[in-house]
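Read the structure below first, then the notes.
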Amino acid sequence: MSSAREIAVIVGAGHAGAEVVAALRQNAYAGRIILIGDEAELPYRRPPLSKNYLSGEASRESLLIRSAAAYDKLEVECWIGTQVLAIDRVKKNILLSDGRIQAYTKLVLATGGRPRKLPDPAADKSNVHYIRTLADIDRLQSGFAKGKHLLVIGGGYIGLEAASVGIKNGLQVTVLEAAPRVLARVAAPEISAFYERAHRTRGVDVRTGISVQAFHGEQQVEAVQLSDGSELQVDLVIVGIGIVPNDELARSAGLEVNNGIVVDTFARTRDSDILAVGDCANHVNGFLTRLIRIESVPSAQEQGRTAAHSICGKDIPHVAVPWFWSDQFDLKLQMVGLSQGYDRLVLRGDLASESFSAFYLRNGIVLSVDAVNRPQDFMVAKRMVAERVQVDPQALADESISLKSLLPAA
Amino acid sequence: MAKVIFIESSNAEHCVEAEPGRTLMQIAVDNMVPGIYGECGGACSCATCHVYVDPEWQARLPARSSDEAFMLEGAQEPNEHSRLCCQVKMYEELDGLVLRIPLSQG
Ligand SMILES: Cc1cc2nc3c(=O)[nH]c(=O)nc-3n(C[C@H](O)[C@H](O)[C@H](O)COP(=O)(O)OP(=O)(O)OC[C@H]3O[C@@H](n4cnc5c(N)ncnc54)[C@H](O)[C@@H]3O)c2cc1C
Ligand code: FES
């Protein structure tokens, strides 16, 4: 049992931090809870930043994960606009950007990540943007206007989502991907090809195996020189080339850091009073039985609950199956599992109809699934991956056989 | 203010204030109703906001979209009263609405 004298301090008011504070109270944590975040906002949802918030459809208000009143009711103190500068593990306190020092009984690092920057200083201009925070979108939105030429650097999910919103809002859009195909790190070649085609037929100029050699322009980037020697005029650049985990606080405090803060399956670092969750945590996922750093909302939330359980003395391992979604144009993509090591790809449905599911199998066992405009398949796919179901590839591809019937009888 | 009642599979009741205009999922999350996670934030992609609508209220809710119906098809223990509550916005006339949380989200 926790006592009222305890203090849980959560560093980082994002998806993971917001879940930790709620889960602590749900598990009857009796101590003081302080949520500290260096952005100007209470925790909000990031996925819409490259989707319906960028397009102007979603309101700012609708992004809040919880209303301000909800934190009051939870008796959670939100110290917004405050950065944590250092951790003193011996004295068990932290130093804040306003000079104050705050003691903790348990400390949860939920610091997320920041966009990886282009190395070229010539790209450091006011019309070159990264998408991670609401402030990033506020800064970007005035230039994100009809008729402008948007250059997207990076053919990952965020880049492709931004490209699709660009088309929707009447911009002229070019996507550059240095790898031979978009989504190269996460999807099969067939799926990459599908997305390249889908973007091209909707008006995006997708170019792969190509990179920017030089940025030209004084105040702003006005043109870029590409690796094939050609030049492109641009009004606006959005860069989506991945994130770097915010693990410096932990590193300076002498905690183990390796592509993120290293934690066990209970979200604990080797200092049993310090935990880490979300995008910043290289954690042991009990389902995958290995260390992994995952950048997704469901994973951030699950880890947040795991940390809260650990703090409340209930050791429940983190065993969630990773999953993710991405909305581009009218294509609803839902993915579950990790495809690494697959030896066979089975398609259910027709690529041309833009409604299909791709099953990644290893030795007949479903490792992961990408469902495009197939929400009915996705929910069953999630169970197949979680239960490591072995399936007959022929039956999987046969739409006259219901997917549910391929699950083992309960 | 209008109220909505969430009932857990254990029969524990949560009678919460429901601000019109917010979705029923947001209202549940604001009030920490157990079992309503809202992982996808209302993108109709996760079904972690699955509820059963009390039959007498069912007709007063807007119809399901095809995406919602498809998601529910694959959900655990769906029935004719199933809804994804992120797809329904609160309005005054739903004052007193009763929603039950599936056992699997217990
Ligand atoms: C544009 C975009 C689209 C996305 N789309 C999807 C999607 O469709 N589906 C999906 O599952 N995931 C998506 N993601 C990923 C998802 O948003 C992240 O995985 C999630 O936000 C991780 O939560 P977190 O709490 O670990 O980190 P964050 O949400 O980044 O929160 C960390 C917070 O900590 C703050 N912080 C850092 N250091 C300090 C410090 N020293 N002191 C105080 N505060 C600090 C940061 O400023 C930040 O506010 C998307 C991300 C982006 C950027
Ligand atoms: S919150 Fe994800 S489907 Fe409702």
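All values derive from a computational prediction rather than experimental measurement. Excluded from the calculations below are hydrogen atoms, water molecules and symmetry mates; all remaining heavy atoms, backbone and side chain alike, are included. Residue numbers begin at 1 in each chain, while the letters A, B, ... track the order of the sequences.
Between the A:Gln334 side chain and the B:Ser45 main chain, a donor and an acceptor come within less than 3.5 Å of each other. A distance-only check finds a donor-acceptor pair linking the side chain of A:Gln26 to the backbone of B:Met32 [under 3.5 Å].
Taken from CE in A:Met379 to CE in B:Met71, the straight-line distance is 4.5 Å, to the nearest 0.5 Å.
The ring-ring contact (aromatic ring centres under 6.0 Å, His included) test applied to A:Phe359 returns no partner, not counting sequence neighbours.
Residues of residues 62-74 of chain A placed with any heavy atom under 4.5 Å of a heavy atom in chain B are listed by number as A:Ser62, A:Leu64, A:Ile65, A:Arg66, A:Ser67, A:Ala70, A:Lys73, A:Leu74. Among the residues in residues 317-332 of chain A, those with a non-hydrogen atom closer than 4.5 angstrom to a non-hydrogen atom of chain B are A:Trp323, A:Trp325, A:Asp327, A:Lys332.
Contact count versus chain B (heavy atoms, under 4.5 Å) is highest, among A:His15, A:Arg45, A:Arg25, for A:Arg45. For chain A, the option among B:Gly42, B:Gly21, B:Cys46 with the highest count of heavy-atom pairs below 4.5 Å is B:Cys46.
Both the backbone and the side chain of A:Pro298 come within less than 4.5 Å of a heavy atom in chain B. Contact of B:Gln26 with chain A is made through the side chain alone, with heavy-atom distances under 4.5 Å. A:Arg374 does not touch chain B: none of its heavy atoms, backbone or side chain, sits under 4.5 Å away.
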Mind listing the side-chain donor-acceptor pairs of residues 53-63 of chain B below 3.5 Å, one per line with the distance, residues two or more places apart or on another chain?
| residue | atom | partner | partner atom | Å |
| --- | --- | --- | --- | --- |
| B:Gln58 | OE1 | B:His81 | ND1 | 2.5 |
| B:Gln58 | NE2 | B:Glu80 | O | 2.6 |

